[in-house]
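All remarks here apply to the structure that follows.
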Amino acid sequence: MKILLTHGPHMRRNYYGDRALSRLRDMAEVVLHERDEPLDPSALVAAARDVDVIVCDRQTPAPAAVFEGLPQLKALLRVAVDIRTIDLPAASAAGVLVTRAAPGFVPAVAELALGFLVDLARGISQTAAAYHAGRAPEIRMGRQLAGSTIGIIGYGSIGRRLASLVLALDMRVLVADPFATVDEARIEQVSLDELLARADHVVCLATATEETESLMDAAAFARMKADAVFINLSRGNLVDEGALAAALREGRIAGAAMDVGRAPDQMPSAALAQLPNVVATPHIGGLTPQAIEAQAFDSVEQVAALLRGEVPDGAVNADAWSRRI
C-alpha cells in the first residue's frame, strides 16, 4: 500500500505527530507533503497520482475533481470529524471509501470552554494585556460562575462534557437541542429562545449543518440579556458575524469568546477578534497532545483495517466502497 499524508510540516508537527507517522510507515510506503500551504485540488491530484490511500488533514478539500482524477484511489481518510469539504456523493460514485476520525478532542474543547467562561467572568485577558502594555488595568467587578446560568446549545459529546464540568461549579445548566434527550436531573432542557433569554453565558456547540447556518443571528442576539456573554466553540458558520459585532459594539451583550470563525481554516475573523470585549483563540480547542494523537491514531487504525480487508471504524460511505484494497 502507498499512502499520501497531506499534512505539511507544520500540520504534521501539531496535528499528526511523529508516533502516528512512524506507525503508518510500519504498514505502508508514506509520501509526505513538504510545503506548509495546504494542497489545492489540482495539487492533491498531482501528489496522489499513484497512491492507494490519502490520509487527509482538515484544510485540504476533496471536491469531485479529485476522485475523477485519481482512478486508482481506494480510500480517503479525514483526520478530523468535519468532512464537509469532501464531495461525498462524488467519492461514492467513484467507489472511494471516505472515513472521518472520532472526536478525541472532547475533553480539550470542553476545558477551553471552561477557560473562556472564567476569562469573560473575571476579565483575565484584558487585565493581562494592560499589564503587558505597561498600563494599570481597570479594576472592575467580576461575575461568580457558581449560581449563574449557562445555556449550552447542542448536547453532543462536548456539550455533555461541559455540562458535567459546570455542574461541579454549582452553575445552573440549560440545554437546547431538539435531537437530544437529557437524562441528568440537574439539567433543564428548554427551547433555544428560552435559553437565550435566561442564560448568563451562552455556549454554542451545535453541529454545523445547512439548518444551523447563522443560527445565532441578529434576532438571537437580541433575545440575550445585556449582561450575558456568548461563546462559540462549534463552527463559524453558526454565527452571523455582522450581527455579533453589532451586538458587541452597541453593548447589547457584554462580551464574547471564540475559537472558531469564518476566516480560513475556521479561524476567528480579525474584525471580531480585535474588539475589546472579545477573547479569541486561533482554532486551538483540540490542540493538545492527547487530542491530536487520538485522531491521528484513528487514521492509523483505519489503515490497519483496510490492510485486513475490513471496513474501518469511521467509514461514512461503506455501502458504496467498490475500489477495495
Is the number of heavy atoms from other residues, nucleotides or ligands under 6.0 Å of [X] [atom1] greater than 12?
X	atom1	answer
D26	CG	yes
R35	CZ	no
R324	CZ	yes
Q72	CD	yes
D313	CG	no

Salt bridge check: are [X] and [Y] linked by an N-O gap of less than 4.0 Å?
X	Y	value
R198	E188	yes
R12	E34	yes
R23	E301	yes
E138	R140	no

Does any non-hydrogen side-chain atom of [Y] lie less than 4.5 Å from one of [X]?
X	Y	answer
L196	M216	yes
V239	F221	yes
L120	R143	no
R13	P9	yes
I150	V202	no
E111	T288	no
L5	H33	no
T212	N237	no

Show the nearest heavy-atom pair for residues [X] and [Y], with the distance to one decimal.
X	Y	result
E68	P71	O-CD, 4.5 Å
V79	A101	C-CB, 4.2 Å
F67	A62	CE1-O, 3.5 Å
R262	L238	NH2-N, 4.5 Å
L112	I284	CD2-CD1, 4.0 Å
R84	A208	NH1-CB, 3.6 Å

Given [X], which partner from the list [options] fulfils the side-chain contact (heavy atoms from CB on, under 4.5 Å) test?
X	options	answer
I187	V173, I152, L174, V166	V173
I83	N317, T99, L76, V316	V316
L70	D52, I54, L4, V51	I54

Is it true that a side-chain atom of [X] and a backbone atom of [Y] form a donor plus acceptor pair closer than 3.5 Å?
X	Y	value
S299	A296	yes
D36	H10	yes
D240	D217	no
Q302	R100	yes
D265	M267	no
T281	H283	no
R252	A226	no
D298	A102	yes
E184	R186	yes
N232	M258	no

Checklist entry - Do L306 and K74 pass the side chain to side chain contact (heavy atoms under 4.5 Å, CB included) test, and can you show the C-alpha distance, the side-chain angles, and the key distance before you say yes or no? => result CA-CA 10 Å; L306 293 176; K74 313 297 192 303; over 6 Å; no
Item to check | Ring-face cation contact, Y15 with R58, 6.0 Å cut, 45° max | outcome: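 Yes, R58 lies over the aromatic ring of Y15.
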Checklist entry - Is the charged tip of R323 near the ring of W321: under 6.0 Å from the six-membered ring centre and within 45° of its axis? => result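 Cation-pi check for R323 and W321: fails.
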Please tell me whether [X] and [Y] have a donor and an acceptor in their side chains that are separated by less than 3.5 angstrom.
X	Y	value
D82	Q266	no
R78	T85	yes
S191	D193	no
S148	H201	yes

Next on the checklist: Rounded to the nearest 0.5 Å, what separates atom OG in S157 from atom CG in L162?
Outcome noted: 12.5 Å
Next on the checklist: If I take atom NE2 from residue H7 and atom CG from residue L21, how far apart are they, to the nearest 0.5 angstrom?
Outcome noted: 10.5 Å
